[in-house]
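This structure is a prediction, so every number in the text was calculated from the model and none was measured.
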Amino acid sequence: MSRNDSNLVVRYGLFIIGLFIASLGVAFSTKAGLGTSPVSAIPYSISLVSSLLTFGGWLNLLSIIQIAVQVILLGKKCKPVEIVIQTVLAFLYGYMTNFSCFLIKGIEVHSYLEQFFYMILSCFIVAFGIWIQLKGGVAMLPGEAMNRAISQVTGKKYENIKILFDVLYIVIAAAVCLIFLGKLAGVREGSVIAAVLVGTIIKMYNRLFNKIRKTA
């Protein structure tokens, strides 16, 4: 195995680790019970309204839409292999999320303070997982890759694009719940806080990493 191949394996390994860490963060947000993560808010809300697809099925449909947006925006710059990898990773991420939920199923939450703690913890974990995926630099989940594509086309910072779309996901999910269910379900204060906080924490991780690298 050449040095380049070895480096690629390491980078993919780093990405998979980041993927699992992010899935663990999503599991903790579910445990908190203060609203699902922004990127899953729309699929979850629609699954409560329609039984046409499962929650995972609606999540996969959202991933397809996010991949389509990338193809449209990037045009000839779009890499077919990366699109295929994103599709595979989207399904892998679903299995990892289920496994993460299994790992923490024994944790019991008895008060709102504990709910809030796990919600904040989930934000730091999800942000760290995404940050590691970015450092791996080989692939991304469709949602994050779409944010990156928009960032490349518009010249806006990735973190700011993420915050914008996280808020948009929450607004749409809330509208779906209010219109069809007459109440908020799966979208609560935790979802709104995560929409703003995760992107902000990623910025913090970047600043901390750059500071450490300069010191070293």
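For Gln86, the side-chain hydrogen bond (donor to acceptor under 3.5 Å, both in side chains) test picks out Gln70, with sequence neighbours left out. For Tyr169, the side-chain hydrogen bond (donor to acceptor under 3.5 Å, both in side chains) partners at least two apart in sequence or on another chain are Gln66. Annotation: ring pair (Phe, Tyr, Trp, His ring centres under 6.0 Å) contacts of Phe15 (sequence neighbours excluded): none. For Phe209, the ring pair (Phe, Tyr, Trp, His ring centres under 6.0 Å) criterion is met by Trp131, not counting sequence neighbours.
Here the closest heavy-atom approach between residue Ala127 and residue Ile201 is recorded as CB-CG2, 3.6 Å. Across all their heavy atoms, Ser45 and Ala173 have their closest contact at OG-CB, 3.5 Å.
With contacts defined as side-chain heavy-atom distances shorter than 4.5 Å, the pair Ser29/Val126 does not qualify. Using a 4.5 Å heavy-atom cutoff, the side chains of Glu189 and Leu184 are not in contact. For the pair Val109/Phe117, no side-chain contact is recorded, criterion being any heavy-atom separation below 4.5 Å from C-beta on. Residues Pro43 and Leu61 form no side-chain contact, since every pair of their non-hydrogen atoms from C-beta on lies 4.5 Å or further apart. Counting only heavy atoms from C-beta outward, the side chains of Val39 and Phe165 never approach each other to under 4.5 Å. Put simply, the side chain of Val167 does not reach to within 4.5 Å of the side chain of Ile170, judged on heavy atoms. With contacts defined as side-chain heavy-atom distances shorter than 4.5 Å, the pair Ile17/Gln133 does not qualify.
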**Request:** Take Ser100 and Val26, measure what side chain to side chain contact (heavy atoms under 4.5 Å, CB included) needs, and give me the verdict at the end.
**Result:** CA-CA 8 Å; Ser100 294; Val26 171; over 6 Å; no

**Request:** Could you give me the CA-CA distance, side-chain angles and deciding distance for Asn210 and Arg207, then say whether side chain to side chain donor-acceptor pair (under 3.5 Å) is met?
**Result:** CA-CA 5 Å; Asn210 291 333; Arg207 288 195 296 267; over 6 Å; no

**Message:** Is there a side chain to side chain contact (heavy atoms under 4.5 Å, CB included) between Glu159 and Asn206? Walk through the geometry before answering.
**Reply:** CA-CA 10 Å; Glu159 297 91 338; Asn206 275 328; 3.0 Å; yes

**From CA spacing to verdict: side chain to side chain contact (heavy atoms under 4.5 Å, CB included), Phe99, Ser23** = CA-CA 9 Å; Phe99 180 63; Ser23 75; over 6 Å; no

**Request:** Assess whether side chain to side chain contact (heavy atoms under 4.5 Å, CB included) is satisfied between Ile85 and Val88, documenting all intermediate values.
**Result:** CA-CA 5 Å; Ile85 292 174; Val88 173; 5.8 Å; no

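Heavy atoms of other residues, nucleotides or ligands lying less than 6.0 angstrom from OH of Tyr205 number more than 12. By the 6.0 Å contact criterion, CZ on Phe128 is open, its count of non-hydrogen atoms from other residues, nucleotides or ligands being 12 or less.
Here the CD1-CD distance, from Ile107 to Glu114, works out to 10.0 Å after rounding to the nearest 0.5 Å. Between the CD1 atom in Ile16 and the CD1 atom in Ile132 there is a gap of 12.0 Å [rounded to 0.5 Å]. With values rounded to the nearest 0.5 angstrom, Ile83 atom CD1 is found 5.5 Å from Ile67 atom CD1. Leu73 CG to Ile150 CD1: the interatomic distance, rounded to the nearest 0.5 Å, is 6.0 Å. For the atom pair SG of Cys177 and CD1 of Ile42, the computed distance is 10.5 Å after rounding to the nearest 0.5 Å. Separation of atoms CZ (Phe124) and CE (Met119) is listed at 11.0 Å; rounding is to 0.5 Å.
Hydrophobic clustering places Leu141 together with Leu92 (ILVMFWY residues linked when any side-chain heavy atoms are closer than 4.5 Å, directly or through intermediates). Cluster membership check: Trp58 does not share its hydrophobic cluster with Leu62, using side-chain heavy-atom separations under 4.5 Å among Ile, Leu, Val, Met, Phe, Trp and Tyr. Cluster membership for Ile64 and Val69, using ILVMFWY side-chain heavy atoms within less than 4.5 angstrom, is not shared. Put simply, Val176 and Leu181 are part of the same group of oily side chains (I, L, V, M, F, W, Y) that touch within less than 4.5 Å, one to the next. Tyr93 and Leu103 fall within a single hydrophobic cluster, where Ile, Leu, Val, Met, Phe, Trp and Tyr side chains are chained together by heavy-atom contacts under 4.5 Å.
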For residues 190-198, which side-chain donor-acceptor pairs fall under 3.5 Å, sequence neighbours excluded?
unit_1, atom_1, unit_2, atom_2, d
Ser191, OG, Thr36, N, 3.4
Ser191, OG, Thr36, O, 2.8

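Residue pairs that meet the salt bridge (Lys or Arg N to Asp or Glu O under 4.0 Å) test with at least one member in residues 134-150, sequence neighbours left out, are Glu82-Arg148, Glu144-Lys162.
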